[in-house]
There are 2 protein chains.
Amino acid sequence: MPATPAVPDGKRPTLADVAALAGVSTALVSIVMREAKGASAATRERVLEAAREIGYRPDSRARLLRSNRSRLLGVQFGLQHPFHTDLVEGIYAAAESAGYQVALSAVAPSRSERQAVETLLGDRCEALILLGPQAPAARLAELSAQLPVVSVVRRLRPPAAGVDVVRTADDEGARQAVDHLVALGHRDIAHVDGGKAPGAADRRRGYRTAMNRHGLAGRARVLPGGLTEEDGATAARALLDARPRPTAVLAFNDRCATGVLDAFLRARVPVPDEISVVGFDNSHLARLAHIDLTTVGQDASRLAELAVGRAVARLEGEKRSGTETVIAPHLVTRGTTAAPPEGIKPVVRD
Amino acid sequence: MPATPAVPDGKRPTLADVAALAGVSTALVSIVMREAKGASAATRERVLEAAREIGYRPDSRARLLRSNRSRLLGVQFGLQHPFHTDLVEGIYAAAESAGYQVALSAVAPSRSERQAVETLLGDRCEALILLGPQAPAARLAELSAQLPVVSVVRRLRPPAAGVDVVRTADDEGARQAVDHLVALGHRDIAHVDGGKAPGAADRRRGYRTAMNRHGLAGRARVLPGGLTEEDGATAARALLDARPRPTAVLAFNDRCATGVLDAFLRARVPVPDEISVVGFDNSHLARLAHIDLTTVGQDASRLAELAVGRAVARLEGEKRSGTETVIAPHLVTRGTTAAPPEGIKPVVRD
DNA sequence: GGCCGATTCTAGAACGTTCTAGTCAGTCGT
DNA sequence: ACGACTGACTAGAACGTTCTAGAATCGGCC
């Protein structure tokens, strides 16, 4: 029965218990547990055996308290944001292979960003990775004076303040989507935007300049949207009544796009036959066979990797801060985009 | 400029720094920071002022190390499972009002349950709250020998092993759904199940016994499904080809139900006019206006509250363990269910 | 004036680790 | 034979808190 608590008194076993059993000093046990050098193979085995026997498990608090490095990365994410969970997963992987641990702190309706960051700080994280933070730039700058801070999907206007930014080129993504649609023959392309969400402004701008470049400035239409399905659906209903009705819609988000899609389906407007839809994020949602959404891909695992990379670089002594790393998005063409319907196509300028 | 790091050497300020500045002992500062009694109002203010001035923040590691209680609840959840995020949110709230902190540890494709639990244990959590754990019962029992363990949505067959279980009455939920559909006049009701997912077996059983009780055993049909949209969609496509085609579908999940819904819409089979659909979870998804899914509600915040309550009770000395708390689900009627189409209705036995 | 009980404060020992600076053999080179 | 070196090990001081005792201080009351 090797799985019993194993130490006589109810307490959790410590280094000292292992040391006593193995007949060595606590320091040596520490060496063995850390896999540091300074112990012979024979005693190493003996100590490990003793540890196993009494079910010893290192106390990370004490460990972190003593060592000047905590090797802990604090990650703040939005509980209800699917794209964040993709990022978190990537961060776990990247952190592990860089030899760091991850402390998670969620933001939810009942839990503010301030609270989330506060606990991370209390846990002695060495750096902060904030996914789409909404906090004012001044607050981020303040934090950044205490430890390395990486903002992941949120752009900061003046790259100052020492906050490192890792993000996708949102404007470029919007441009790619518009180019794709125009190449298919669309001219009346509407954009359902993301309001004040991180990245929304850039996508809006990218959409507008792309429309301009194609000489379609007059036909550009931006509808107030948001990041939920509901936002997309209400915007889509408005579009159905609009004259001329657009032949394509670029949504802020995959979630938003799903809402658009759903509203069109309910109104019996076939996609992509009558109208094309493009999303943004290439989330799990979009990949699903029955949604099969053309979307602008943000490479979550690459963003995660870069964010961790920046944080680690700063921790390992790199002085340069306030950098901005922008990665290129890439259009993923799937089933929700096609040429506009015949009846409308002739409108295309010769 | 009150936001500067403020302590001469680069180190993070400690109790001793505050004590030196305020001209008191570290013990007294500790008293003030903990809001314990034993300090006069005057010095209390002075200490707080000093702390504020140098930007002191208590080190939770050291704090936890010293005090025998860590007041930390370890929560394991599935990153990609939307219902879990609802639960986590509730847990944050419940824990806070019980005076406990929460440590999050995610399970993801790249991060096993074992790893997740291992870090929680290393962080010295006093109890574990596991959301839908997949680990074998023996493993849970083993853990439960070390600290209080609460399994949230997963039922454990022999209530033994000391693991507390908090869950929804899944069979009862399925029954309610079937009753509702039968009351509307449906007789051919199919069930798209959840395979080996926690709760799936109970829902399947609830569906079967309910069908029996209505004398519809011969018409019961269970299709292998799963917990994603894709699973629902493939099952739905199979149903469309089935003869007789069912007039209603009970899906394992809201996500699964969404998949079913989508497949029907694409096939131009109107819901609920030709076929009714019921989900399970009452997740955000179902509530969205454009999906408007009739579903069996699991009260996430109540489940969370109960789970935290069990963990806390155990920690405060309650001996009784291995309890099972089952809460009743409730049907939420929305727009995806209605009477079966006229052409089929006459089949109902007089 | 002396004693009591609060109240306010402090010294110093924990907590479970890691780190620094050793000690103690044994080995090697000359 | 002797010092220098190496490898295995250890004593004891950190780390930043909280906790246990107990020391001052202060009215108030006989």
Side-chain angles (χ1 to χ4, degrees), chain A residues 7 9-48 50-51 54-72 99 101 121-126, chain B residues 7 9-48 50-51 54-72 99 101 121-126:
Chain A
V7 169
D9 52 347
K11 309 288 296 176
R12 156 186 191 138
T14 77
L15 271 192
D17 297 320
V18 179
L21 181 57
V24 295
S25 71
T26 62
L28 187 53
V29 178
S30 170
I31 286 173
V32 172
M33 298 314 295
R34 275 176 291 145
E35 299 182 3
K37 61 181 171 188
S40 71
T43 48
R44 201 174 283 272
E45 183 46 48
R46 194 153 43 93
V47 167
L48 284 176
I54 64 176
Y56 168 77
R57 176 191 314 284
D59 182 329
S60 74
R61 309 277 157 170
R63 175 175 276 184
L64 263 42
L65 172 59
R66 172 57 222 199
S67 51
N68 23 29
R69 298 292 312 272
S70 78
R71 305 194 76 82
L72 197 59
Q101 292 233 300
L121 255 25
D123 280 350
R124 278 195 141 205
C125 295
E126 294 189 287
Chain B
V7 167
D9 52 348
K11 309 289 296 175
R12 155 186 192 139
T14 77
L15 272 192
D17 298 321
V18 179
L21 181 59
V24 295
S25 71
T26 61
L28 186 53
V29 178
S30 170
I31 287 173
V32 172
M33 298 315 294
R34 275 177 293 146
E35 298 182 4
K37 64 181 170 189
S40 71
T43 49
R44 203 174 279 273
E45 183 46 48
R46 194 153 44 92
V47 167
L48 284 175
I54 65 175
Y56 169 76
R57 175 191 318 281
D59 182 329
S60 74
R61 308 277 159 170
R63 173 175 279 185
L64 263 43
L65 173 59
R66 171 58 221 196
S67 52
N68 24 27
R69 299 292 312 271
S70 77
R71 303 194 77 82
L72 197 59
Q101 292 234 301
L121 254 25
D123 281 351
R124 273 194 145 207
C125 295
E126 294 189 287

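The model shown is predicted, which means the values in this text are computed figures rather than measured ones. In what follows, every chain begins at residue 1, and chains take the letters A, B, ... in the order their sequences are listed.
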Is any side-chain N or O of A:S60 closer than 4.0 Å to OP1 or OP2 of C:dT17? no
Rounded distance (Å) that lies between atom C1' of D:dG16 and atom OH of B:Y56: 7 Å
Residue whose closest nucleotide on DNA chain D lies nearer the 5' end, A:T26 versus A:T43: A:T43
Rounding to a whole Å, what distance do you find between B:L15:CG and C:dA11:P? 14 Å
Could you give the angle between the helix axes at the two ends of the helix from C:dG1-D:dC30 to C:dT30-D:dA1, with five pairs per end, rounded to 10 degrees? 60°
Nearest whole Å is fine: how far is D:dT17 C1' from B:R124 CZ? 13 Å
Rounded to whole Å, how long is the line connecting atom CZ of A:R57 with atom C1' of C:dG16? 15 Å
In whole angstrom, what separates B:R12's CZ from D:dG16's P? 9 Å
Among D:dC15, C:dA14, D:dT10, which is the nearest nucleotide to the side chain of B:R66? C:dA14
When you check the gap from the basic side-chain N to the acidic O, do A:R71 and A:E126 get nearer than 4.0 Å? no
What nucleotide among C:dG16, D:dT18, C:dC19 has an atom nearest to a side-chain atom of A:A62? C:dG16
d(CG, A:D59; P, D:dC15) in whole Å: 18 Å
In terms of the nearest nucleotide of DNA chain C, which residue is placed more toward the 5' end: A:R63 or B:S67? B:S67
Which residues in residues 27-37 of chain A have at least one heavy atom lying under 4.0 Å from any atom of DNA chain D? A:A27, A:L28
Value in whole Å for how far the P atom of D:dT18 lies from CG of B:L64: 10 Å
Give every residue pair that meets the side-chain hydrogen bond (donor to acceptor under 3.5 Å, both in side chains) criterion with at least one member in residues 18-34 of chain A, sequence neighbours excluded. A:S30-A:R34
